[in-house]
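Each remark here refers to the structure printed beneath this line.
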There are 2 protein chains.
Amino acid sequence: MNSLTEENYLKAIYKLVDGEKVAVTTNAIAEKMNTKAASVTDMLKKLSDKKLINYEKYYGVKLTAKGEKIALNIIRKHRLWEMFLVEKLEFGWDEVHDLAEQLEHINSEKLVAQIDKFLNYPKVDPHGDPIPDSNGKLQIQKSALLSTFKKNEVCMMTGVVDHSPTFLQYLAKTELTLGSTIKINDINDFDRSLQITAGKAKPFFISNEVAKNILVSLK
Amino acid sequence: MNSLTEENYLKAIYKLVDGEKVAVTTNAIAEKMNTKAASVTDMLKKLSDKKLINYEKYYGVKLTAKGEKIALNIIRKHRLWEMFLVEKLEFGWDEVHDLAEQLEHINSEKLVAQIDKFLNYPKVDPHGDPIPDSNGKLQIQKSALLSTFKKNEVCMMTGVVDHSPTFLQYLAKTELTLGSTIKINDINDFDRSLQITAGKAKPFFISNEVAKNILVSLK
DNA sequence: AATAAAATTTAGATTAGTCTAAAAATTAGT
DNA sequence: ACTAATTTTTAGACTAATCTAAATTTTATT
Ligand SMILES: [Mn+2]
Ligand SMILES: [Mn+2]
Ligand SMILES: [Mn+2]
Ligand SMILES: [Mn+2]
């Protein structure tokens with residue numbers, strides 16, 4: 001139905017829109033897809049012909065309902081596969097993304113349904129990102145950055161901003177995992193670094209840079 | 001490294017060789033791949049340049065050691081995925097092949113290793129076909145057609161010749177599953193149809209056509 | 001409002017994989 | 001050993017996705 005490339009463009013556009021109602025620019029797509037603007041323009045025409053996006057020259061693009069549904073389905077598959085790899089095949093949360101980029105294009109309704117069932121219908125992926133349901137509905141979780149919290153406040157880790165293997169590997173060496181209860185013991189006035197307690201471990205330090213990449217829920 | 005199309009050509013050539021040492025013809029490949037001979041010739045040149053096959057104009061092709069290794073790895077992945085779908089995701093043995101045709105091209109050594117482990121290192125796939133090990137070694141099982149057995153002989157079902165969903169669905173409705181013990185009660189002299197007992201079920205009839213598509217081991 | 005800068009589109013090529021039609025080589029039939 | 005039939009290869013064209021370079025449109029700056 002849609003080529004792998006078309007699917008990736010739709011996903012990229014979806015992620016660039018990110019809830020906002022603004023149109024996505026050609027250059028933004030080119031950067032995200034690691035291609036040139038000229039290539040993007042060609043593809044936009046094709047997606048527009050297929051009624052998956054609304055495209056107006058020089059203005060930018062928006063996904064149609066049809067296009068958004070496809071994008072959400074790809075994201076659903078991506079996150080379910082990541083969950084499967086971590087939960088069932090002993091992968092680390094830092095090594096599943098690229099593989100899921102391949103698996104998300106496997107075309108089988110039944111496969112997705114069975115993986116979902118096998119995992120007992122997870123709501124979020126290994127990085128705390130919500131998994132769209134089979135109708136493309138996405139549970140939006142309100143979360144805040146750990147860096148915005150104050151001394152003595154307590155919260156729970158629900159996700160990460162940076163998804164890079166480097167960051168994820170760093171976190172894996174601490175007590176900071178999804179669901180961890182975090183207490184902020186102290187904040188350094190000079191560099192905004194934090195002394196925190198996570199789970200049952202000894203208190204330890206994290207930089208403000210790290211705190212800005214950890215999502216937590218108010219608790 | 002190799003495109004999906006190249007992988008499929010290598011697999012097709014491997015299957016056409018089928019143990020024999022003869023060269024595979026252009027037309028045979030074209031038929032198996034559902035393409036035209038002209039397209040095959042183009043691809044043969046490419047695979048030859050990559051040293052994956054030995055190709056001589058008008059003569060035919062053979063896989064090099066390198067090409068055969070790739071083909072066997074694709075087959076390994078195909079059969080492991082089929083096993084996974086049947087054993088873990090409640091798929092029927094008649095509905096896994098096409099999906100495995102997609103999954104066999106997913107590129108991740110670790111994924112294959114982990115699926116293999118998860119399935120506890122199966123030796124055969126859901127159709128009784130042997131699964132090559134990670135070095136490309138393939139356990140060859142000697143088996144015979146049920147149609148070659150005589151009255152009162154007993155054997156065990158180890159595989160099928162025809163892999164079509166229609167045939168597999170038919171078998172699924174009988175007691176004829178991999179591992180079934182089969183006793184031949186009687187053979188009809190006119191049409192070579194058999195009256196057999198499989199497992200603990202009541203005796204029943206199968207045509208010679210069916211018997212010619214069931215692989216059994218001498219027991 | 002005019003001009004400079006930036007963003008976007010168009011034009012023209014390229015590569016992988018495919019096709020049809022024609023040419024060349026091989027194999028089969030007498 | 002010829003000729004006919006079959007198989008295989010070549011030639012030339014097409015589509016999807018990409019690129020570079022040039023043209024066009026929009027936005028920003030004076
Ligand atoms: Mn991911
Ligand atoms: Mn994720
Ligand atoms: Mn199969
Ligand atoms: Mn099989």
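Excluded from the calculations below are hydrogen atoms, water molecules and symmetry mates; all remaining heavy atoms, backbone and side chain alike, are included.
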Return the value, rounded to whole Å, for the distance between atom [atom1] of [X] and atom [atom2] of [N].
X: B:N34; N: C:dT18; atom1: CG; atom2: P; value: 11 Å
X: B:E31; N: D:dT7; atom1: CD; atom2: C1'; value: 14 Å
X: B:L47; N: C:dA16; atom1: CG; atom2: P; value: 13 Å
X: A:M33; N: C:dT8; atom1: CE; atom2: C1'; value: 18 Å
X: A:E6; N: D:dT15; atom1: CD; atom2: C1'; value: 12 Å
X: B:M43; N: D:dT9; atom1: CE; atom2: C1'; value: 16 Å
X: B:I29; N: D:dT8; atom1: CD1; atom2: C1'; value: 12 Å
X: B:D42; N: C:dT15; atom1: CG; atom2: P; value: 15 Å

Report the residue from A:N135, A:D133, A:D116 that forms a side-chain hydrogen bond (donor to acceptor under 3.5 Å, both in side chains) with A:R76. A:D116

Side chain of A:S39, heavy atoms from C-beta onward: which of D:dA21, D:dT18, C:dC19 has the nearest atom to it? D:dT18

Hey, is the side chain of [X] poking within less than 4.0 Å of OP1 or OP2 on [N], counting only N and O atoms?
X: A:N27; N: C:dT8; result: yes
X: A:K36; N: D:dT20; result: yes
X: B:T26; N: D:dT9; result: yes
X: A:Y59; N: C:dT9; result: no
X: A:Y55; N: C:dT8; result: no
X: B:K57; N: C:dA24; result: no

Test: A:K110 cationic atom under 6.0 Å from B:F91 six-membered ring centre, within 45° of axis: yes

Taking the six-membered ring of A:F118, is the NZ or CZ of A:K88 close enough (under 6.0 Å from the centre) and on axis enough (within 45°)? yes

Spacing of B:R192 atom CZ and B:K212 atom NZ [to the nearest 0.5 Å]: 10.5 Å

With A:H127 as reference, evaluate A:H78, A:H163, A:H97 under the ring-ring contact (aromatic ring centres under 6.0 Å, His included) test and give the passing residue. A:H163

Using a cut-off of 4.0 Å on non-hydrogen atoms, how would the nucleic acid contact of A:T35 be classed: base, sugar-phosphate, or nothing? sugar-phosphate

What's A:T41 touching, base or sugar-phosphate or nothing? Going by heavy atoms closer than 4.0 Å. base

Assign each of B:E56 and A:Y58 to its nearest nucleotide of DNA chain D by heavy atoms, then name whichever residue's nucleotide is nearer the 5' end. B:E56

